[in-house]
Amino acid sequence: MSVLGSIYILSIGLQLLVGLYALSLVRLTGRKMAWILISAAMLLMAGRRIVLFYGVLSTGAHIILCVSELIALAVSCMMLPGVHLIRQLFLSINADDAKRKQAESALLASEARHRSYVDMTGQIGWVANAEGEVTEGTPSFSKFSGMTYDEAKGSGWVDALHPDDVEHTLQAWNKAMVTKGFYETEYRMRRHDGVYRSFLARGFPVFKEDGSIQEWVGTCTDITGSKQAEQELRLVKQRLELATRSANLGIWDWDISNNIMTWDARMLELYGLTLETFPGGVEAWMNGLHPEDRDKILEENNAALRGEKEWDTEFRVLHPNGTVIHIKANGMVIRDSKGTAIRMLGINYDITGRKLREQQEQYRSHTMLTTLIDNVPDLAWIKDKEGRFILANEALCLSFNIPVNEVIGKTDFDIMPRELAEKYRADDQFIMADGLRRCIEEPVIDAEGLVHVVETIKTPMKDENGVITGTVGIAHDITQRKHLEDELKKLNTNLEEMVISEIEKRRIQEQLLIQQSKMAAMGEMIGIIAHQWRQPLNAIALTVQDIRDAYSYGELNEKYIKGIVNTTMEQTAFMSKTIDDVRDFFRPSKEKVRFDVKTAIGELLSMFEQLFKKNDIDISIKVQQDTLISTEGYPNEFKQVVLNILNNAKDAITSKRETGNKIQGLIEITICNNEKRDEVIISIRDNGGGIPDDIIGKVFEPYFTTKGTEGTGIGLYMSKTIIETNMGGRLYCENIENGTMFIIELFERHIES
């Protein structure tokens with residue numbers, strides 16, 4: 001191959017390489033049109049060279065072709081590095097674009113984080129242009145106020161402000177616009193539901209490079225809670241100041257760690273100091289303590305710092321001018337996480353007047369006490385903890401023929417025989433140890449050697465802190481009474497036998513009256529028995545007839561006979577139980593027994609139910625949950641009481657119907673307990689119209705009746721006797737709406753016979 005051919009092939013190859021390199025920039029830059037044109041131009045140049053080569057070669061123009069190919073080769077060699085430089089330029093541009101996109105993404109993320117932070121803190125973020133007008137939507141503001149962007153843009157957001165806050169808000173905003181400085185103000189802004197909330201608005205200008213304002217950014221923070229807290233705190237401070245002024249309290253604060261004592265003006269007055277003479281530190285307080293109180297109060301203060309007691313004490317303060325006042329001090333200790341006392345604060349107030357009144361009252365009380373006990377005929381005294389007399393009345397001194405001044409400071413061993421003194425001392429020690437008052441009968445020997453029996457009341461004496469400091473005693477001479485009691489015992493022995501005899505007679509009479517009352521109901525009882533027996537007798541009669549028919553038809557067998565026997569025995573058992581119930585009802589109770597009142601009432605109603613049904617009267621029993629329903633007494637007599645009350649209710653309902661009032665008779669029996677749960681209360685109420693007010697107080701009197709010749713007047717009298725005298729309870733009645741209520745109260749606890 002000739003040199004010219006080699007140059008030609010090399011030139012063509014370089015041009016093709018430049019074209020392909022240029023095409024690779026299409027993928028790199030994305031600017032397809034420009035680089036397609038460049039690549040097309042390079043390809044056309046290569047094509048042109050191919051045509052030129054063959055055209056010139058055919059004419060034999062070798063020199064011109066050689067020069068042309070050399071020029072084409074040189075141009076191709078120059079274009080290859082040029083395209084490479086262009087490629088590197090675009091690679092650099094792409095890298096810058098990538099960095100710009102990363103910066104834009106980071107900025108967007110930062111803005112998203114900022115918006116999330118604002119939303120999280122409950123703030124409302126906003127952006128305004130250089131003129132202070134809203135130019136973009138604020139979702140947090142729209143969510144709070146309910147205003148759309150079109151409503152809020154420009155100065156429309158001002159419509160959400162409270163009318164009273166618009167003027168000062170705009171003034172603050174205009175001032176910030178003029179000064180190009182920080183914007184801050186408070187205003188009330190209307191929420192979407194019409195409620196105004198307090199906000200703290202802050203804004204900052206964003207400047208351009210030339211110093212002009214580009215835009216304003218800021219936040220609105222809801223401070224409603226803090227404003228309310230500030231108002232409440234202000235009210236509390238005002239009340240505290242008013243309370244301290246009214247109570248004349250001095251307030252102090254002791255920084256223990258730095259030994260800094262802070263007093264208000266009243267504290268300085270209490271200690272006779274001024275702000276100039278107040279030295280500060282706890283020494284200011286210690287120096288003001290009265291010398292006689294200092295050691296005791298300092299120990300109490302140390303105990304409070306150690307956490308052993310509260311700081312609640314009283315002491316005296318000695319002013320620099322010698323004035324003494326009494327102080328009441330209260331305080332609290334503040335500790336760090338390790339429990340170390342770091343601060344103590346509290347109050348002081350002047351109780352000098354109260355102390356003087358107490359001293360005057362003590363003197364007055366002592367004088368009154370001395371005057372009082374000296375005029376008491378009984379022996380009276382006060383002893384200290386060691387048994388020494390610190391007060392004795394004239395009666396005691398006369399009894400032992402010892403002057404008062406010789407008794408004070410002495411003990412029982414100095415004025416009484418040793419045996420009695422030891423007993424008195426032992427009694428005193430027991431009372432002080434037990435802390436309770438005791439009443440003791442004991443002997444006393446007077447100055448003449450005569451023995452008297454006295455009834456002594458001894459009480460432990462306590463100080464203001466409840467600590468026992470001695471005993472107080474008063475003794476009444478009961479010698480004569482003891483003689484009379486001995487004689488009375490003899491009389492009582494005989495009288496007791498007479499009383500027992502009379503009680504037994506009365507008991508028998510009461511039983512007779514009770515039985516009389518029961519017998520009065522015998523006629524109705526016979527009717528009830530006849531009614532209750534009629535059904536079983538009819539059943540037995542039908543059974544007998546059925547036996548005859550069964551015999552006629554040949555149906556008698558063991559199964560049939562067994563059924564007949566069972567049926568007949570059930571009916572006869574029912575009839576026998578009816579007789580037993582009636583017999584038990586009429587049998588008097590001889591001894592108190594514990595019984596269930598609900599069961600007793602149920603047994604009574606099972607016997608007399610038909611009597612009340614016949615009179616169209618419904619009876620119900622109600623028992624509250626967890627009610628204690630047992631008591632001790634005479635169950636049959638109790639049934640008689642309930643029956644008497646039920647019969648009176650029946651008669652009242654019947655009488656009401658006779659007046660033309662067609663009512664459904666209702667009797668309600670309720671069983672419950674009192675609050676202490678030591679009584680069983682049975683209330684029986686009816687709708688019979690009630691008892692006239694002028695006679696309701698007489699219904700329990702003997703032989704008093706409202707039924708004319710039909711009544712005996714002993715039913716309710718005997719009922720009250722049974723409940724109150726025999727069973728220790730209570731029976732009374734009262735009118736209620738449309739009727740009367742009888743109440744029976746019985747003790748649930750055990751009652752001795």
Side-chain angles (χ1 to χ4, degrees), residues 292-293 295-296 299-300 314 316 355-486:
E292 296 178 3
D293 297 345
D295 293 340
K296 173 178 176 293
E299 176 55 33
E300 289 187 14
E314 296 178 5
R316 289 172 294 174
K355 283 294 185 180
L356 290 175
R357 288 191 298 272
E358 287 178 357
Q359 292 172 1
Q360 292 171 356
E361 185 62 29
Q362 287 176 358
Y363 176 77
R364 178 171 172 270
S365 299
H366 183 270
T367 302
M368 291 177 62
L369 178 62
T370 304
T371 304
L372 175 64
I373 66 172
D374 282 342
N375 287 278
V376 172
D378 294 335
L379 311 182
W381 65 90
I382 298 176
K383 300 177 187 177
D384 63 15
K385 205 166 185 179
E386 285 71 36
R388 293 185 294 265
F389 287 92
I390 58 178
L391 187 146
N393 70 342
E394 292 183 0
L396 184 143
C397 297
L398 289 174
S399 176
F400 299 110
N401 195 22
I402 303 175
V404 174
N405 58 351
E406 294 185 12
V407 174
I408 303 303
K410 302 292 181 64
T411 67
D412 292 318
F413 292 94
D414 298 321
I415 60 177
M416 296 294 293
R418 185 170 186 82
E419 182 179 351
L420 290 179
E422 289 177 348
K423 178 185 182 307
Y424 297 158
R425 182 59 183 159
D427 290 340
D428 291 343
Q429 290 176 335
F430 178 80
I431 289 169
M432 288 188 290
D434 191 48
L436 300 175
R437 183 177 63 178
R438 293 188 65 195
C439 183
I440 308 167
E441 288 187 6
E442 53 191 2
V444 172
I445 300 176
D446 63 14
E448 298 178 356
L450 298 177
V451 178
H452 298 263
V453 179
V454 295
E455 184 178 63
T456 305
I457 299 176
K458 293 184 177 181
T459 306
M461 181 175 63
K462 300 179 181 179
D463 62 12
E464 64 276 6
N465 297 319
V467 178
I468 295 175
T469 59
T471 58
V472 178
I474 185 168
H476 177 65
D477 192 334
I478 60 171
T479 306
Q480 187 176 2
R481 192 188 79 186
K482 294 297 289 185
H483 291 314
L484 293 175
E485 286 178 355
D486 292 339

Task: Lys/Arg-Asp/Glu bridge criterion (N-O < 4.0 Å) met for Arg425, Glu422 - done: no

Task: Heavy-atom donor-acceptor pair, Asp293 side chain to Arg316 backbone, under 3.5 Å - done: yes

TODO: Check the surroundings of atom CD in Glu299: do more than 12 heavy atoms from other residues, nucleotides or ligands lie under 6.0 Å from it?
DONE: yes

TODO: Considering only NZ, NE, NH1 and NH2 on the basic side and carboxylate oxygens on the acidic side, decide whether Lys423 and Asp412 come within less than 4.0 Å.
DONE: no

Open item on the list: When you measure from the side chain of Asp414 to the backbone of Thr411, do you find a donor-acceptor pair of N or O atoms at a distance under 3.5 Å?
Closed with: yes

Open item on the list: Give me the atom names and distance for the closest heavy-atom approach of Val472 to Met461.
Closed with: CG2-CB, 4.0 Å

Open item on the list: Run the side-chain contact (heavy atoms from CB on, under 4.5 Å) test on Lys383 and Ile390 for me, step by step, so that the C-alpha distance in whole Å, both residues' side-chain angles and the decisive distance to 0.1 Å come before the verdict.
Closed with: CA-CA 5 Å; Lys383 300 177 187 177; Ile390 58 178; 5.9 Å; no

- [ ] Tell me, yes or no, whether the heavy-atom count around Glu386 atom CD, taken from other residues, nucleotides or ligands under 6.0 Å, exceeds 12.
- [x] yes

Open item on the list: Using a 6.0 Å distance limit plus a 45 degree cone around the ring axis, check whether Lys410 lies over the aromatic ring of Phe389.
Closed with: no

Open item on the list: If the threshold is 4.0 Å, N to carboxylate O, is there a salt bridge linking Lys296 and Glu300?
Closed with: yes

Task: Least distance between heavy atoms, Arg438 atom then Ile431 atom - done: CD-CG1, 3.8 Å

- [ ] Please round to the nearest 0.5 Å and tell me the distance separating atom NE2 of His476 and atom CD of Glu441.
- [x] 11.0 Å

Task: CZ-CD1 distance between Arg388 and Ile382, expressed to the nearest 0.5 angstrom - done: 14.5 Å

Task: Arg481 atom CZ, over 12 foreign heavy atoms within 6.0 Å - done: yes

Open item on the list: Between Thr471 (side chain only) and Asp428 (backbone N and O only), is there a donor and an acceptor less than 3.5 Å apart?
Closed with: no

Task: Contact summary for Leu436 and Pro460, nearest pair of heavy atoms - done: O-CD, 3.6 Å

Open item on the list: According to salt bridge (Lys or Arg N to Asp or Glu O under 4.0 Å), who are the partners of Arg357, at least two apart in sequence or on a separate chain?
Closed with: none

Open item on the list: With rounding to the nearest 0.5 angstrom, report the CG to OG1 distance, Leu379 to Thr456.
Closed with: 8.0 Å

Task: Shortest non-hydrogen separation from Val444 to Val454 and the atoms involved - done: CG2-CG2, 3.5 Å

Open item on the list: In the structure I gave you, are the side-chain heavy atoms of Glu442 and Asp427 within less than 4.5 Å of one another anywhere?
Closed with: yes

Task: For Ile457 against Cys439, the heavy-atom pair lying closest together - done: CG1-SG, 4.2 Å

- [ ] For the pair Val467 and Lys462, evaluate side-chain contact (heavy atoms from CB on, under 4.5 Å) and give the outcome as yes or no after the intermediate values.
- [x] CA-CA 5 Å; Val467 178; Lys462 300 179 181 179; over 6 Å; no

TODO: Would you name the heavy atoms of Tyr424 and Lys458 that are closest together and state the gap between them?
DONE: O-NZ, 3.8 Å

Task: Pairing residues for Asp477 by the salt bridge (Lys or Arg N to Asp or Glu O under 4.0 Å) criterion, not counting sequence neighbours - done: none

